[in-house]
Amino acid sequence: MNRVWLRWGMLLTMVTGAWAADPVAPGRRGMVATVQPVATQAGLDALKAGGNAVDAAIACALTLGVVDGHNSGLGGGAFMTLRLADGSLWALDGRETAPAAARTDLYLTNGTPDPRRSQDGALAVGVPGELALLAYASTNFGRLPMSRLLEAAARVASNGFALDRHYASRLDATRQELAAFPATRAIFLKPNGTPWQAGDRLVQTDLAASYRALAGTGPEWFYRGPFAQRTDAWMKANGGVLSAADFARYTVRVLDPVQGTYRGWEIVSFPPPSSGGVHVIEILNILENFDLRALGDRSPEFVHLVTEAMKRAFADRAHWLGDPDFAPVPMGLISKAYGQELARQIRRDRATGVSGSGVPPRATNEVFAGDISRHTTHFSTADAEGNWVACTASLNTSFGSKVVIPGTGILLNNHMDDFSIQPGIPNAFGLVGAAANAIAPGKRPLSSMSPTLLLRNGRPVLSVGAAGGPTIISQTLLAILRTVDFGQPPGDALRGPRFHHQWRPDELHVEAALGDTVIAALRALGHTVVVEPSLGAAQAVGIEAGALVGAADPRGEGSAAGW
Ligand code: DON
């Protein structure tokens, strides 16, 4: 692993008391950035073995499912945005689907919503899509056999890996919920019921066996074979509705990325059922009407304008966004004219109330197409041939539903909570939604995951995305603003202080690093400011001085590696 640009490595050393991997690294032949150094190394190994950026991304995803399993894994979902060396653009949708038996009243008890049931246990689980996505990407765009990448990740699972502080703190925070499920408890808690600590070695024998079964028999093992059958049986015995037939019905969707421009740079991002791409572009269209560069990226004026734009986009999200196969999502949301209209509503001298969603042009007849048939983690990869990948994968909140199907080691997601379980009832991230994101059989819950590529004159210059629920949209947006308006390299673009407003609740969350003076000025403008120690976790690959550069979020323990 390259050890240049030591400043962040040194900072992490001070914080953790041990050498952390470098969050920023250069390379010419290929680049990988993830939240976990073992996963970054797996991506780099795939590149060095002759794989391309897609193989590297698959290796990262499979290894993250082992070493960062509280965030993502085979039991969850993912979105992947790709720009291939031939210039083609792809959006692979491996989002979970609602079981066929799911209805809008699934989480209502006598008419009262019970979010606990959409967050923990059997009913919280949607049909996992990550594996279908990875298999599709491997078959169509990869160069190495996926079985080889599965085998490499299986070795990490069976040999074990040392838990980092972040993983240990998630385990500690979730230990009571984990203890409710025997197969989960047996893996993630010690025999005396206490969680494993930072530095402890976590061995996942069942997970290794599952990866090896997949390497031997392919995704059928998961979607139509033993895993689907065992899950069906467990669900029946534990009050769930997810069935083997739901697994058999699952398909990855191949979508056109959503595209926009910002001051002449091209944005390629994830379309519905992600809200990420639509709202990153919507906010950029609003902000294009202001000279942000003149304000500087840490001024109260900058934070104020961006916040006002975020508010309006998130109000639209709550009303308009959902799975486009079930709800019409107007394309007018990303039109320049609508951006101008919303920009005109913004006052520079004070925060304005936003009562609800806007009405984008052609709200009813031009909608995003569905399938054109042809706590989360983001990672980015690129190679010298010009293949660029942005991928965000998730079980949703830490350890997802907390359910491990016995004998498999595979943790299942709780992405049913990303539906609006009733209009106006907030989900785990405080997000509200409407009919467009109501539960329906086979429907995909709305997401904020925003794997995004930034291009200039048709050439990729940044692959970026984040974890952190709705703050994903804000983090991705800020990385783009810092790249385009402030000319920052990826490491700096991720390091800059973050802030986030999601319309409801009417609160502006800011990182303390913004400083007391700026925070006081924002309060004086009328914002209700909530100060956070840190917001989110973003990873990026970009270009600096003509070479690839990777950046892991300096707030975390991730790493970038290139060669
Ligand atoms: O798809 C979404 O928007 C959420 N389920 C993402 C969850 C997340 O980022 C949790 N991570 N910290």
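Counting convention: from 1, in listed order, for ligands and their atoms alike.
No donor-acceptor distance shorter than 3.5 angstrom exists from the side chain of Thr174 to the backbone of Glu177, with no hydrogens or angles considered. Remark: side-chain polar atoms of Gln36 are paired, donor with acceptor, to backbone N or O of Val38 under 3.5 angstrom.
Protein neighbours of ligand 1 below 4.0 Å, counting non-hydrogen atoms: Arg95, His375, Thr376, Ser394, Asn396, His415, Asp418, Phe429, Ser447, Ser448, Met449, Ala467, Gly468, Gly469, Ile472.
Listed by chain and residue number, His70 satisfy the ring pair (Phe, Tyr, Trp, His ring centres under 6.0 Å) test with His166 (two or more places apart in sequence, or in another chain). In this view, Phe314 and His500 satisfy the ring pair (Phe, Tyr, Trp, His ring centres under 6.0 Å) rule, not counting sequence neighbours. Legend: residues meeting side-chain contact (heavy atoms from CB on, under 4.5 Å) with Asp200, ordered by chain and number and at least two apart, are Lys190, Trp196, Gln197.
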Verdict with supporting geometry, Ser463 and Arg83, side-chain hydrogen bond (donor to acceptor under 3.5 Å, both in side chains): CA-CA 10 Å; Ser463 164; Arg83 186 270 189 194; over 6 Å; no

